[in-house]
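Note that this is a predicted model, so its numbers are computed, not measured. No hydrogens, no waters, no symmetry mates; every other heavy atom, side chains included, goes into these values.
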Amino acid sequence: MDEKGGGLPPYTAVAPPLPAWKRKKMRRSRGLKFLAVACMGFIAYAQWRQLPSRSEPHNGNVTVHGLSVQRLHDDLTTCSKLRQKPQDPIGEGREKNARYIDGHAPTLIKNATVWVGEPAKGTSAADARKGKGYSWIKADVYLEYGLIKKVEFDIAASSLPKGTHVFDAKGRPLTAGIIDMHSHAGVDSLPSLDGNEDTNELSADITPFVRSIDGIQPNDHQIQVIKSGGVTTSLVLPGSGNNMGGEAYAIKLAVGKPDGRNETSATDMLADPERNWRFMKMACGENAKRVYGRVGEQGPTSRMGESWEFRHAFEQATKLVRAQDDWCDAATAVGVHNMKGYLPQELKWESLGALLRGQIHLNTHCYTIPDLEAFVDHTNEFKFKVRAFHHAHQTYLVPEILKRAYGGDPPASAIFADNMYYKAESYVGSEFAGKYLWDNDLTPIYVSDNPVLNAQHVLFEAAKGHKYGLPYHAALASVTTAPAERLGFGNRLGKIKPGFDADVVVWDSDPLEVGATPVQVWIDGTAQYEHPIVLNKTVPKLIISEESTSTIAEEPVDMNSVVFTGITNVLGDVEIQGGRKDAKSYSAVIRNGKVTCVGVCAEEVRMASTSKIPVIELKDGHFTGSFTAFGSQIGLNAIDAEDSTDNGDNVNVFTRAEDGLSLDTKKLHAAYKYGVTKAITAPKFNGGQTHHGTSVGFLTGATNPLANGTIFASDVAVHYSLNPDAKEAEGTPSLSAAVGALRRKLLQAATKLKKNETIEPADLYSESTFLQKVVNGSLPLVLTIHNADIIAAALRVKKDVESLTSSKIHLAIIGGAESHLVADELAAAQVGVVLAPLQSFATSWDQRRALSGAPLTNGTAIDVLLDAGVTTAIGLEEDWLVRDLGLLAGIAYANGGGKLSKKSALELVSGNVYKILGAKEPKVEEGHFVVFEGSPLRIQSRVKAVSGGLGVVSVF
């Protein structure tokens, strides 16, 4: 720098000579002063030598700042852990599964038809997306040390270790174990009891710090039920009651010594004992604001408030992460001994900080477009990834929003196949969502949300996804390879390859077929059933995917007249015309909304063609009567959880469903579209699966309740509920009181009937008047009961009342989870049962003795009831199931061991309902029929036409 400019003086390496005055001899006084200063300096130096160094420990354990050296070193070690990004655990190259228990013999599964779970080598990514390169292969599978060791054709048993178990698959399908990526098994134990409810920690809206593993009950029987459906791994999530629910854990469903483990503990169930990845659950939408929103007291009360809760929590975690990073950087630079404080740590925000560091796989419950968009914005603001949006009813509408989520890897959509309408945010949805997502290069995954759906049948959700257009390979991947990849276990789970965990299922039929059931399940190479129940089925016929099954059905076109040819099966209650019942195919001719001919119909077809009536050619057409929905709230409700769309509860009043009938809803449209043209609905008592009042029979396709024929039966039956909900009514605080009250009402009605009292006009529609009709046998009494003991009590009431009258009470049971225990008594009393659900899974205490079916039990309730001669039908416990009625009949048919014909199986969802109720059924000749491509009892069936007694045929 230029000295003329006032800068620093020039630097010189040689010091200039001292000035003359400094070279002179010092005076005496100055010398004494110098000596004094020197002495003081020496003393100071000596004291300084006794002080600890700023960079050395005082005594080896504590720094100059009074901090523990050991803790500082531990903190520095923690720094490396904080900055460590987990990797997906390896599969190939392992000699032994970390979960393997020593002493378990290897297993050879011979003669299997194997779904590997990936395309053949050399298949391009584009072709693989289309399903090319995927196929079933004939192979043997060798399991050892908890791993799949070999997948080869004809493995010689002589080449294997002595003591190897040999299982003959007999050509049956073999897949990897099913993975359920959304379950509450173990924390929401069944049957549901308040003392065992640990799904949500609702003390605060933001609880990322709680952990589902701390609430998992290994002895929850539902875990065993779920496994019997071929599910080997479940992600157990906290509930969705709050915005940040906490940490989740992936577990395998082998528990304790009976399942080949050495201990009974949640820790032993961990799918990855090394805990490479952590998992977390969050939730957007209406739940949190409903649970926590208190105007003027606490929030959130809106989605805006929820976004603030999310952002504020992420801000706190971000501050912690930054403080930790600053500390770690400083400690690395200057050494831990020079740090003036410990590593900042706060347990409350630790897990959320781990999420921001990329160490946690996040799963977020979000239904609607605003929820999805807001959360995607949060991911970009705070730089974290979402592995999947759960429920995700509207993700199919906004693929572009998912694709802009942080990290460049769009979240998967963990969805139901067709469960919707239960609350406002589920009102917008589509059964074709999986197909839409796949076509937009996104990943659909089907889940159970157990116990919302029974995870035993989560594979059925994937099967329905295929029915609704998702390609076969993608549907099977949606419960195997796709969730494995999203969990970070893509190298270990979901495929049948050497190096993968030996989680294997052999099925009795194509896994995506209706009624598919495991023959045996292996977890970590250990068979889970010593003596499994195996259903009597023929060698399975595997599904062959066709292009037509991967298309989305368009909205129907209404026609007055139409002809269908290529009908191979006539399953409706209609006479086959033409005198040739052995014909290879038939035709169905419809004119002005009425069936004029089903059979050979050569002349009718010729005349129709000359009249230019549309002719639709089918390959495997099935002509059936239409179905009836019974037991749900369809027609009285549009959105289950929204009071303004609901008829309401009838706890202390007796009402008529006809007086509250509401038509033209999404539920009714869906029912009609899938062949359910008739419904019989009763008012609810105080919630789902409860009934109180008289039911109404009506047409689902009608829009005007006053139109001719809309209501085909004003008061079909009298309904009461004798389940635990009955204790909510005034005057019946117990089940015994509820049973006693019903007995008294019936006896009072019998007394009035005996007196032949004149019914006043004001009482024509009163409870008493309807009960007199019950007592004289002109109107059925339908009781909602699951518990076998209360069913027995109802049979006693029937007998008590009948002993005082000359009439027989026409009694029916709906619910019936434990009805199999009194099947003979029901048959003797000529009491029919409408099973709702068809396959109970003991959700409540009064259903705890339900039969879950093979491989655990020899059949379910329907098998026992039919064997006993009880007239049985299938009802609906929830409205959304209207799409599935034909498939539910298909389950009974496929798993019934031959006791049902195709026609009698379909009667379970049509004619048998009317037999049980003693009501007249609107028949085919009145315009109630469905035409299917394929059997309605199988998964690949497609509705081609529906007629619901309205004079038109809706053609798809």
Main-chain N/O of [Y] paired to [X] side chain as donor or acceptor, under 3.5 Å:
{"X": "Asp168", "Y": "Lys170", "result": "yes"}
{"X": "His473", "Y": "Ala128", "result": "yes"}
{"X": "Thr843", "Y": "Phe841", "result": "no"}
{"X": "Asn491", "Y": "Ile90", "result": "no"}
{"X": "Arg486", "Y": "His361", "result": "no"}
{"X": "His104", "Y": "Gly260", "result": "yes"}
{"X": "Lys138", "Y": "Asn111", "result": "no"}
{"X": "Arg387", "Y": "Glu485", "result": "yes"}
{"X": "Arg942", "Y": "Gln940", "result": "yes"}
{"X": "Glu513", "Y": "Ile939", "result": "yes"}

Please name the pair of heavy atoms, one in [X] and one in [Y], separated by the smallest distance, quoted to 0.1 Å.
{"X": "Ile415", "Y": "Ala433", "value": "CD1-CB, 4.3 Å"}
{"X": "Gln528", "Y": "Ala254", "value": "OE1-CB, 3.8 Å"}
{"X": "Trp438", "Y": "Leu470", "value": "CB-CD1, 3.5 Å"}
{"X": "Ser189", "Y": "Gly186", "value": "OG-O, 3.3 Å"}
{"X": "Gly229", "Y": "Trp507", "value": "O-CH2, 3.4 Å"}
{"X": "Leu887", "Y": "Phe460", "value": "CB-CZ, 3.9 Å"}

* **Residue pair Lys467, Ser941: steps toward the side-chain hydrogen bond (donor to acceptor under 3.5 Å, both in side chains) verdict** => CA-CA 7 Å; Lys467 177 181 178 65; Ser941 64; 3.0 Å; yes
Do [X] and [Y] sit within salt-bridge range, that is, some charged N less than 4.0 Å from a carboxylate O?
{"X": "Asp259", "Y": "Lys252", "value": "no"}
{"X": "Asp441", "Y": "Arg129", "value": "yes"}
{"X": "Arg261", "Y": "Asp524", "value": "yes"}
{"X": "Lys495", "Y": "Glu92", "value": "no"}
{"X": "Lys110", "Y": "Asp154", "value": "yes"}
{"X": "Asp180", "Y": "Lys227", "value": "no"}
{"X": "Arg492", "Y": "Asp272", "value": "yes"}
{"X": "Glu431", "Y": "Lys464", "value": "no"}
{"X": "Asp102", "Y": "Lys96", "value": "yes"}

Can you find a heavy atom in the side chain of [X] that is under 4.5 Å from one in the side chain of [Y]?
{"X": "Val519", "Y": "Arg172", "result": "yes"}
{"X": "Thr233", "Y": "Val231", "result": "no"}
{"X": "Leu174", "Y": "Thr113", "result": "no"}
{"X": "Trp136", "Y": "Leu542", "result": "yes"}
{"X": "Val141", "Y": "Ile148", "result": "yes"}
{"X": "Leu437", "Y": "Thr443", "result": "no"}
{"X": "Ile401", "Y": "Phe389", "result": "no"}
{"X": "Val534", "Y": "Gln520", "result": "no"}

[X] atom [atom1], over 12 foreign heavy atoms within 6.0 Å:
{"X": "Tyr145", "atom1": "OH", "result": "no"}
{"X": "Glu400", "atom1": "CD", "result": "yes"}
{"X": "Asn858", "atom1": "CG", "result": "no"}

* Angle class for the Tyr468/Phe432 ring planes (parallel below 30°, perpendicular above 60°, tilted otherwise)? ->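 Taking Phe432 first and then Tyr468, their aromatic rings stand perpendicular (interplane angle over 60°).
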* cation_pi(Lys149, Tyr142) dist<6.0 Å, angle<=45 ->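 No, Lys149 does not lie over the aromatic ring of Tyr142.
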* To do: Step through it carefully: locate the ring centre of His182, locate the ring centre of His391, and say whether they are under 6.0 Å apart.
  =>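 His182 vs His391: aromatic centres under 6.0 Å.
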* Asked: Would you say the ring centroid of Trp277 lies under 6.0 angstrom from that of Phe489?
  ->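 No - the distance between ring centres of Trp277 and Phe489 does not fall below the 6.0 Å cut-off.
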Looking at [atom1] of [X] and [atom2] of [Y], how far apart are the two atoms once the value is rounded to the nearest 0.5 Å?
{"X": "Glu878", "Y": "Leu453", "atom1": "CD", "atom2": "CG", "result": "8.0 Å"}
{"X": "Lys130", "Y": "Ser124", "atom1": "NZ", "atom2": "OG", "result": "7.5 Å"}
{"X": "Leu402", "Y": "Phe375", "atom1": "CG", "atom2": "CZ", "result": "12.0 Å"}
{"X": "Ser234", "Y": "Asn450", "atom1": "OG", "atom2": "CG", "result": "7.5 Å"}
{"X": "Ile179", "Y": "Asp503", "atom1": "CD1", "atom2": "CG", "result": "8.0 Å"}
{"X": "Cys366", "Y": "Leu372", "atom1": "SG", "atom2": "CG", "result": "5.5 Å"}

For residues [X] and [Y], is any side-chain donor paired with an opposing acceptor at under 3.5 Å?
{"X": "Lys281", "Y": "Ser212", "value": "no"}
{"X": "Tyr472", "Y": "Asp510", "value": "yes"}
{"X": "Gln456", "Y": "Asn454", "value": "yes"}
{"X": "Asn276", "Y": "Gln87", "value": "no"}
{"X": "His393", "Y": "Ser426", "value": "no"}

* Pair Val504-Ile109, side-chain contact (heavy atoms from CB on, under 4.5 Å): steps then yes or no -> CA-CA 10 Å; Val504 177; Ile109 305 172; 4.0 Å; yes
* Asked: Do Lys537 and Asp508 pass the salt bridge (charged side-chain N to carboxylate O under 4.0 Å, His left out) test, and can you show the C-alpha distance, the side-chain angles, and the key distance before you say yes or no?
  -> CA-CA 7 Å; Lys537 295 185 181 180; Asp508 65 5; 3.1 Å; yes
* Where do Glu274 and Arg99 land on the salt bridge (charged side-chain N to carboxylate O under 4.0 Å, His left out) test, with the steps shown first? -> CA-CA 10 Å; Glu274 297 154 350; Arg99 286 179 44 84; over 6 Å; no
* Asked: Given the rule in the side-chain contact (heavy atoms from CB on, under 4.5 Å) test, do Thr107 and Val166 qualify, once you have shown the distances and angles that lead to the verdict?
  -> CA-CA 6 Å; Thr107 297; Val166 178; over 6 Å; no
* Please test Cys284 against Thr364 for side-chain contact (heavy atoms from CB on, under 4.5 Å), starting from the C-alpha separation and ending with a verdict. => CA-CA 7 Å; Cys284 319; Thr364 302; 3.8 Å; yes
